There are 2 protein chains.
Amino acid sequence: MSSYHRKIPLKEDCPMEVTLNVLSGKWKPAIISSLFRGTKRPRDFSVELPEATRRVLSQQLRELEEDGIIAKKVFEVVPPKVEYFLTDLGRTLAPVISALSSWGEAYDKSRQAS
Amino acid sequence: MSSYHRKIPLKEDCPMEVTLNVLSGKWKPAIISSLFRGTKRPRDFSVELPEATRRVLSQQLRELEEDGIIAKKVFEVVPPKVEYFLTDLGRTLAPVISALSSWGEAYDKSRQAS
DNA sequence: CGGAATCCTACCTGATACTG
DNA sequence: CAGTATCAGGTAGGATTCCG
């Protein structure tokens, strides 16, 4: 199951929407969580998330980069080598991720109970 | 602009995804925020969110209801009267919304600076 | 190995009209 | 007033292929 989160025009500047838009992407939460555990190369994501295609991973990595959440270091070698890592701004997402995870856990338990 | 957040299978139980899936819907954040400010009738949402169609509002209200976040009280009168409100579970979203909002505000400022 | 271009599918959302 | 049914459109994500 998955959720669609349609990015809305943000006419009325809703801070909550801003954050959700940054996090909204099928693999973005997984990417961010992974980077909190250390620097990763594109190949590492493919291994960690075997169901994600390279195309979508590249796309979401680029979007996160455009949003200033992550950055990459490109090594000018052959074959190519690239490393992705969280920016300072990206690391400020820690409490957000914590809140989302905590609530999700509690929600799962409350659903089991009922 | 808006973002799609495709609801994913959640094979590996990722609590973060659980929460995002509950919040993912074009008008769900607005609906929840609104209900934190008090009980609302369907008509109120249409006034507060003039861009949202009744069809989508009804649908998202129903989904939030199915997820246990909100509930409604139906008055058996003519014309019909319905009131939506947050459940106890729904109110536990407060810290999540707070985290999302706070980060969004800080993000906006950091983007203005650059 | 990393990334981009192309084509395609799935599904969320919008518009409209109708029922109780 | 509240909710649903039907049809149509837009966009995120998937599959494949090619280039540096």
Side-chain angles (χ1 to χ4, degrees), chain A residues 1-11 17 20-31 35 39-67 70-85, chain B residues 1-11 17 20-31 35 39-67 70-85:
Chain A
M1 70 88 156
S2 55
S3 82
Y4 257 143
H5 178 69
R6 189 187 180 79
K7 292 189 180 172
I8 60 180
L10 295 184
K11 305 177 180 181
E17 289 290 349
L20 287 173
N21 281 337
V22 169
L23 297 178
S24 288
K26 186 166 179 179
W27 306 102
K28 288 183 186 178
I31 289 172
L35 287 181
T39 295
K40 294 283 162 58
R41 295 181 63 178
R43 185 68 180 164
D44 298 327
F45 291 119
S46 292
V47 173
E48 273 190 66
L49 310 170
E51 292 174 289
T53 63
R54 280 176 310 193
R55 179 200 175 287
V56 177
L57 281 177
S58 280
Q59 181 180 308
Q60 309 223 333
L61 285 167
R62 186 173 357 106
E63 289 176 4
L64 287 171
E65 196 181 349
E66 289 168 354
D67 286 338
I70 69 176
K72 67 182 171 187
K73 179 176 172 66
V74 180
F75 297 84
E76 298 294 345
V77 297
V78 181
K81 179 180 176 183
V82 177
E83 283 184 353
Y84 284 94
F85 55 90
Chain B
M1 70 81 162
S2 71
S3 85
Y4 254 143
H5 181 68
R6 189 188 181 80
K7 293 189 178 173
I8 59 180
L10 293 185
K11 305 176 180 180
E17 289 290 348
L20 287 173
N21 281 337
V22 168
L23 297 178
S24 289
K26 187 165 178 179
W27 306 102
K28 288 182 184 178
I31 290 172
L35 288 180
T39 295
K40 294 282 162 57
R41 294 181 62 178
R43 184 67 179 164
D44 298 326
F45 291 119
S46 294
V47 173
E48 273 190 64
L49 310 169
E51 294 175 287
T53 63
R54 280 174 310 190
R55 180 199 174 287
V56 176
L57 280 177
S58 279
Q59 181 179 308
Q60 308 223 334
L61 285 167
R62 186 173 357 105
E63 289 177 4
L64 286 172
E65 198 182 346
E66 290 169 354
D67 286 339
I70 69 176
K72 67 182 173 186
K73 179 175 172 67
V74 180
F75 297 85
E76 298 294 343
V77 297
V78 181
K81 179 180 176 182
V82 176
E83 282 183 354
Y84 284 94
F85 54 91

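Quick note on labels: first sequence line is chain A, next is B, and so on, each numbered from 1. This is a predicted model, so every value here is computed, not measured. Any value given below was found using the heavy atoms of this structure, including those in side chains, with hydrogens, waters and symmetry copies removed.
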Write down the distance between [atom1] ([X]) and [atom2] ([N]), rounded to a whole number of angstrom.
X: A:Leu61; N: D:dG13; atom1: CG; atom2: C1'; answer: 15 Å
X: A:Glu76; N: C:dC1; atom1: CD; atom2: P; answer: 18 Å
X: A:Glu63; N: D:dA12; atom1: CD; atom2: P; answer: 8 Å
X: B:Glu65; N: D:dG3; atom1: CD; atom2: P; answer: 9 Å
X: B:Glu51; N: C:dA15; atom1: CD; atom2: C1'; answer: 15 Å
X: A:Tyr84; N: C:dG2; atom1: OH; atom2: C1'; answer: 8 Å
X: B:Lys26; N: C:dC11; atom1: NZ; atom2: C1'; answer: 15 Å
X: A:Ile31; N: D:dA12; atom1: CD1; atom2: P; answer: 15 Å

Contact class for [X] vs. all strands (heavy atom < 4.0 Å): base, sugar-phosphate, or nothing?
X: B:Phe45; value: nothing
X: B:Phe75; value: nothing
X: B:Gln60; value: sugar-phosphate

From the set D:dC1, C:dG3, C:dC1, return the single nucleotide nearest to any side-chain atom of A:Arg41. C:dC1

Which listed nucleotide (C:dA15, C:dG2, D:dG13) is nearest to the side chain of B:Thr53?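 Closest nucleotide to the B:Thr53 side chain: C:dA15.
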
May I ask you to test the B:Ile31-B:Leu57 pair for a side-chain heavy-atom distance under 4.5 Å?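 A side-chain contact under 4.5 Å exists here.
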
Is there a side-chain contact between A:Phe45 and A:Leu61, using heavy atoms and a 4.5 Å cut-off?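 In contact.
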
Quick check: any donor-acceptor pair below 3.5 Å linking the side-chain of B:Arg55 to the base of D:dT6? yes

Are any of B:Arg54's side-chain N or O atoms less than 4.0 Å away from OP1 or OP2 of C:dT16? no

Under 4.0 Å between a side-chain N/O of B:Lys72 and OP1 or OP2 of D:dA2, yes or no?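 Negative; the distance criterion is not met.
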
Tell me if a side-chain donor or acceptor on A:Gln60 pairs with a main-chain N or O of A:Trp27 at a distance below 3.5 Å.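 Pair found, side chain donor or acceptor close to backbone of A:Trp27.
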
Assuming nearest nucleotide by heavy-atom distance, tell me which of A:Arg62 and A:Pro79 is located more 5' along DNA chain C.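 Checking each residue's closest nucleotide, the 5'-ward one belongs to A:Pro79.
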
Taking every heavy atom of A:Val22 against every heavy atom of A:Lys28, the minimum-distance pair comes out as O-CD, 3.5 Å

Sole residue of B:Arg62, B:Arg41, B:Glu65, B:Glu83 in side chain to side chain contact (heavy atoms under 4.5 Å, CB included) with B:Lys72: B:Glu65

Mapping B:Gln59 and A:Pro80 onto DNA chain D by nearest heavy atom, which one lands closer to the 5' end?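 Of the two residues, B:Gln59 wins.
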
